[in-house]
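Worksheet: the structure to be examined is printed underneath.
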Amino acid sequence: MSYDVQSIRQQFPILNQEIQGRPLVYLDNAATAQKPITVIDAISDYYLNYNANVHRGVHTLSQRATDAMEAVREEVRAHINAAETAEIIFTRGITDSINTIAFGMGAVVSNNQNVVITAIEHHSNIVPWQMLCQRTGAELRHLPMNEHGEVVLDDIEDIIDENTAMVAFNHISNALGTINPVEAILNRAQKVGAWTLVDGAQSGPHARVDVRAWNVDFFTLSSHKMYGPTGLGVLYGKRKKLEALPPYQGGGEMIATVTLDGSTYAGLPHKFEAGTPHIEGIIGFGAALKYINEIGIEAIAAHERELLKYATQECSEIEGFRVIGDAKNKASVLSFVVDGTHPYDLGVLLDQQGVAVRTGQHCTQPIMDAFCIDGTARASFAMYNTKKEIDIFKTALEKAVTMLR
Amino acid sequence: MSYDVQSIRQQFPILNQEIQGRPLVYLDNAATAQKPITVIDAISDYYLNYNANVHRGVHTLSQRATDAMEAVREEVRAHINAAETAEIIFTRGITDSINTIAFGMGAVVSNNQNVVITAIEHHSNIVPWQMLCQRTGAELRHLPMNEHGEVVLDDIEDIIDENTAMVAFNHISNALGTINPVEAILNRAQKVGAWTLVDGAQSGPHARVDVRAWNVDFFTLSSHKMYGPTGLGVLYGKRKKLEALPPYQGGGEMIATVTLDGSTYAGLPHKFEAGTPHIEGIIGFGAALKYINEIGIEAIAAHERELLKYATQECSEIEGFRVIGDAKNKASVLSFVVDGTHPYDLGVLLDQQGVAVRTGQHCTQPIMDAFCIDGTARASFAMYNTKKEIDIFKTALEKAVTMLR
Amino acid sequence: MATIKERQQVLIEEFEFFDEWMDKYNHIIEMGKSLDALPKEKKKDDLLVQGCQSKVWLHAEKNGDNVLFQADADAIIAKGIVAMLIDVFNDQPAKEVAAADHGFLEEIGLKDHLSPTRANGLMSIIKQMKFYALAFAG
Amino acid sequence: MATIKERQQVLIEEFEFFDEWMDKYNHIIEMGKSLDALPKEKKKDDLLVQGCQSKVWLHAEKNGDNVLFQADADAIIAKGIVAMLIDVFNDQPAKEVAAADHGFLEEIGLKDHLSPTRANGLMSIIKQMKFYALAFAG
Ligand SMILES: Cc1ncc(COP(=O)(O)O)c(C=O)c1O
Ligand SMILES: Cc1ncc(COP(=O)(O)O)c(C=O)c1O
């Protein structure tokens with residue numbers, strides 16, 4: 001079956017609208033993806049038919065909600081090939097997931113150790129580790145990048161050493177689209193016995209990940225970037241590692257027994273799921289996963305590769321157009337500057353023409369500093385984008401550049 | 001205008017269904033409330049028309065989403081009469097809110113200090129303080145309760161003393177319905193200079209709260225208990241107090257500048273809002289607040305008082321029926337046991353008759369221990385419940401008790 | 001002595017009589033009432049089955065190749081369900097218990113109770129029984 | 001010298017000509033280009049207006065009862081918007097700047113830009129101008 005982008009677009013009603021009198025061209029997918037109608041319907045269906053608080057409820061609605069939620073846990077497990085559902089924890093998003101681990105590692109990291117990230121991380125995979133290092137006295141190191149926006153492994157054996165407690169990095173950079181050499185980095189980390197975490201914010205919608213093939217300790221996803229609802233993330237962790245960490249938040253669900261003098265904690269996954277879960281988000285995310293799998297993540301990725309290649313070629317014809325991040329191995333993100341223009345101005349003038357791109361630092365200030373720029377404009381692609389949209393984008397960009405010069 | 005419960009019920013389509021062949025009687029509102037159609041529509045409308053990631057986005061959808069989200073922040077501010085929107089922080093729920101504060105206080109509490117809660121707290125307002133005390137060496141104390149489930153203030157001057165760093169308690173107990181003497185406790189705390197936090201999980205849907213009239217430092221709400229979406233809470237904090245605390249999570253949005261060597265943090269409210277917010281939840285919660293205010297929280301509370309009185313009277317006719325928690329000042333919750341029956345059995349047999357109640361410890365094990373019971377069955381009321389439903393509940397309960405004896 | 005399959009069949013036929021939820025639950029309650037209570041000294045916390053909202057104690061011991069179960073619960077419906085399981089699995093070859101199918105519960109109309117997340121913990125009890133049986137069989 | 005109200009009126013009339021977004025933005029860009037750049041030594045971080053996605057520097061000083069504004073921005077549209085504000089508020093009585101209405105921005109079709117959350121920070125710039133004016137007036 002060939003990739004039928006038009007029938008996919010019909011599943012995303014939001015795309016069928018005008019912005020400033022022009023058809024919407026939504027190219028801000030790395031920030032958040034639009035939701036197919038099945039996700040919107042799953043949410044409505046939940047609230048119209050079986051909303052209830054989960055777990056410990058003996059009544060029918062509560063049991064239906066619990067079953068639906070736990071079925072999604074199993075779907076997530078299968079999706080990333082985790083060993084057991086207890087290793088799938090629902091969080092608020094990538095940021096929450098990484099903070100959960102970085103907080104917990106405060107109990108196991110000492111001041112002669114170090115934590116290694118890369119030069120191309122999202123703030124959510126930088127700041128929690130800075131906080132951990134502040135608390136523990138550990139050192140924060142990073143693998144550097146080259147002028148293509150690729151992580152350089154030349155000194156990896158010095159940087160990741162016997163004292164490395166954790167190596168945490170993103171699979172795909174949201175600002176550059178660079179696909180990191182995951183295996184090479186994991187191999188080195190595993191060799192020295194460091195724990196590992198992969199930030200899958202941008203892999204979720206664009207790549208198949210098998211956590212056991214990677215043998216990674218922690219992996220994390222954000223629902224809203226995967227065509228699912230906001231306010232939900234996934235934290236995968238190996239049972240042994242999760243068990244070695246203290247719980248992050250205290251509250252309902254995460255306890256076994258509570259007296260006013262002390263508490264004992266529940267087993268996985270509940271130990272890390274304090275409070276009423278985002279039930280609706282979980283159910284919506286289940287529908288999103290189903291939809292992704294229906295289309296096929298490989299087919300989506302192939303389609304996006306096409307778009308990226310086409311957009312890069314087309315836009316390179318514009319005078320002064322400069323791709324920021326031209327890694328050999330790239331996914332779905334076209335970050336750029338145009339000489340003599342400011343990304344903000346480009347963003348405003350593209351918006352006037354119905355084209356939505358993101359402008360600024362994309363929560364990756366260190367990358368911008370390294371490229372000596374204030375920011376970029378970023379077009380990022382999803383399963384529903386088309387070549388025709390890229391033509392519109394290019395024409396709009398040309399007009400914007402003309403106006404600004 | 002008189003209270004028109006039938007027209008309210010029409011706004012909650014989920015109520016119009018059969019469970020086990022009987023009309024649903026939903027009396028599990030203290031666990032989570034059902035959602036009016038305006039909330040469900042607001043969510044769909046967001047995803048159908050203007051879903052986008054917020055802040056820093058220059059394109060139209062992002063600006064619409066940001067405006068909608070920030071408008072809700074202002075509605076929340078007005079709803080609880082906070083001084084400024086910067087004091088309104090969106091969290092994942094009460095549990096997340098309390099953990100945020102308890103974590104932050106690790107930086108300001110010392111081991112000669114103490115934290116005071118009450119004997120009738122939800123686990124979410126116990127465990128985070130136990131963790132804080134473990135980290136800091138501070139002592140956890142509590143105001144005791146009497147046989148009515150009321151907090152006893154006789155020794156308050158000894159319990160809350162010059163060394164009290166924080167006094168944290170719920171406004172209304174989810175397990176008993178007890179309305180705490182908020183002002184009296186706050187007065188004592190303020191007199192000794194302790195910080196104060198009120199857990200408003202059960203006040204949100206049932207009472208008007210004015211944080212400035214109380215002069216409370218922190219106050220927190222859960223959207224899902226207030227007819228809004230899951231996965232969202234509100235943390236109110238006085239500017240000065242919030243500024244005195246370190247941020248909880250690191251990541252996007254909460255930073256001012258990030259380099260690989262260190263970061264500076266953004267101002268309020270962003271400092272405490274790391275990561276992509278639960279935009280859809282915030283927008284849905286805005287619709288819920290609007291709906292509550294349309295009906296009027298005082299009118300809702302009055303209706304629920306009627307129901308509670310009626311249910312208590314009616315059920316007391318059942319032999320062996322025993323109310324757990326008969327405080328003078330009560331709201332919306334009827335927790336009970338029936339001699340010679342187990343709450344779990346009652347719950348199962350009520351469910352067979354279409355009646356949804358919660359059974360167990362309600363995340364308040366210390367209360368159950370104090371009453372020397374394993375748990376209760378709990379019927380809890382919301383704006384849409386009716387006397388007729390209470391009649392059905394009573395009849396069903398009688399049948400269940402007969403079967404079990 | 002009847003096999004596991006045969007005992008299951010008996011139960012299925014028993015429950016076929018009941019059209020009404022009340023009759024079905026009355027029967028479960030009766031089964032619960034007629035199950036011998038565990039003596040107090042056997043109601044130890046380490047015999048508690050995790051994942052039930054009521055307390056369910058399960059005790060198992062070896063009897064040759066067979067496995068003997070004793071159980072109790074503080075909620076009567078939970079106890080009735082446990083009684084049913086004991087009825088089926090008690091004093092049966094450990095190997096067969098470990099391998100047994102529990103589809104009969106669906107057939108007698110307890111499908112609702114079979115989800116692993118249910119507060120009654122029916123699946124947890126079955127798992128625990130099989131866990132013992134497996135240990136004894138091995 | 002024209003009052004704030006009069007200057008606003010002039011701007012409103014200027015923008016009335018433009019039916020097309022392109023013309024409007026071209027005009028804003030022109031205004032940006034014709035605004036004198038701030039000398040480098042004045043582009044200090046403490047003059048940056050918070051809440052703009054592009055960098056906007058705003059400098060204010062007293063001139064008798066009046067307030068003088070100088071500003072610059074690294075994005076040209078932001079600079080054009082700032083130029084417009086300077087056009088209206090520069091060398092006007094501090095009191096009047098502090099009290100001035102900014103509804104004219106809506107009338108010239110920049111309503112979209114007026115929300116406090118906008119990345120352009122237009123509201124932040126206006127607030128900052130009024131903040132200076134208030135300080136000088138007081
Ligand atoms: C009094 C009280 N506090 C805290 C909570 C926890 O709220 P959430 O699960 O939304 O975090 C609840 C909800 O059950 C509650 O009733
Ligand atoms: C690579 C990467 N990491 C982390 C995040 C943070 O995700 P969230 O905002 O959902 O917590 C993002 C989203 O922008 C991202 O792209």
Side-chain angles (χ1 to χ4, degrees), chain A residues 13-14 19 28 31-32 34-35 40 43-44 47-49 51-53 56-61 92-93 95-96 99 123-124 126-128 130-131 142 224 229-231 249-252 255 257-260 262-263 274-276 278-281 344 347-348 351 356 358-360 363 365-366 369, chain B residues 13-14 19 28 31-32 34-35 40 43-44 47-49 51-53 56-61 92-93 95-96 99 123-124 126-128 130-131 142 224 229-232 249-252 255 257-260 262-263 274-276 278-281 344 347-348 351 356 358-360 363 365-366:
Chain A
I14 196 175
I19 296 289
D28 192 19
T32 203
Q34 299 303 339
K35 320 305 171 198
I40 305 173
I43 295 172
S44 297
Y47 284 133
L48 289 171
N49 294 302
N51 170 62
N53 212 328
R56 295 158 213 261
V58 301
H59 63 78
T60 303
L61 291 187
R92 196 177 52 178
T95 305
D96 191 31
N99 277 279
H123 293 164
S124 291
I126 302 174
V127 185
Q130 289 179 337
M131 290 170 151
H142 66 271
H224 72 93
T230 58
Q249 299 197 325
I255 54 83
T257 61
V258 175
T259 70
L260 292 169
S263 302
T276 301
H278 183 9
I279 308 163
E280 169 236 302
Y344 169 78
V348 170
D351 180 56
R358 185 116 325 210
T359 62
C363 292
Q365 196 182 331
D369 291 350
Chain B
I14 195 175
I19 297 289
D28 192 18
T32 204
Q34 299 303 340
K35 321 305 171 198
I40 305 172
I43 295 171
S44 297
Y47 284 133
L48 289 171
N49 293 300
N51 170 61
N53 212 327
R56 294 156 213 264
V58 301
H59 62 78
T60 302
L61 290 187
R92 196 177 51 177
T95 305
D96 191 30
N99 277 278
H123 292 164
S124 291
I126 301 174
V127 185
Q130 289 178 337
M131 291 170 150
H142 66 272
H224 72 93
T230 58
L232 184 78
Q249 298 197 325
I255 54 84
T257 60
V258 175
T259 71
L260 292 169
S263 302
T276 300
H278 184 8
I279 309 163
E280 169 236 302
Y344 169 77
V348 170
D351 181 55
R358 184 113 328 207
T359 62
C363 292
Q365 196 182 331

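In what follows, chains are A, B, ... by sequence order, proteins preceding strands, each numbered from 1.
- In this structure, B/His123 contributes its side chain and B/Gln365 its backbone to a donor-acceptor pair below 3.5 Å.
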Evaluation steps, side chain to side chain contact (heavy atoms under 4.5 Å, CB included), between A/Ile43 and A/Lys35: CA-CA 11 Å; A/Ile43 295 172; A/Lys35 320 305 171 198; over 6 Å; no
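- In this structure, chain B has heavy atoms under 4.5 Å from both the backbone and the side chain of A/Leu48.
- Proximity of a side-chain donor or acceptor of A/Asn99 to a complementary backbone N or O of A/Pro128 within less than 3.5 Å is not detected.
- Contacts between A/Gln130 and chain B at a heavy-atom distance below 4.5 Å involve the side chain alone, from C-beta outward.
- A heavy-atom distance below 4.5 Å is found between the side chains of A/Thr230 and B/Tyr47.
- Ranked by heavy-atom pairs under 4.5 Å with chain B, the first of A/Ile255, A/Val127, A/Asn51 is A/Asn51.
- Put simply, of B/Val258, B/Asp96, B/Thr32, B/Asn49, the one with the most heavy-atom pairs under 4.5 Å next to chain A is B/Val258.
- Options B/Gly93, B/Ala31, B/Gly281 differ in how many heavy-atom pairs under 4.5 Å they form with chain A, and the most are formed by B/Ala31.
- For A/Leu260, the parts lying near chain B are the backbone and the side chain together; criterion is any non-hydrogen pair under 4.5 Å.
- In terms of modelled atom types and a separation under 3.5 Å, the side chain of B/Ser124 and the main chain of A/Gly252 share a donor-acceptor contact.
- Of all the listed residues (A/Pro229, A/Pro366, A/Pro13, A/Gly275), the one sharing the greatest number of non-hydrogen pairs under 4.5 Å with chain B is A/Pro366.
- For the side-chain hydrogen bond (donor to acceptor under 3.5 Å, both in side chains) test, residues two or more places apart in sequence or in another chain that qualify with B/Asn53 are B/Thr276.
- Comparing B/Thr257, B/Val348, B/Thr359 by heavy-atom pairs within less than 4.5 Å of chain A, the highest count is held by B/Thr257.
- When each of A/Gly262, A/Ser44, A/Gly360 is scored by its heavy-atom pairs under 4.5 Å with chain B, the top score falls to A/Gly262.
- The shortest non-hydrogen separation linking A/Ala52 to A/Ile279 is O-CD1, 3.4 Å.
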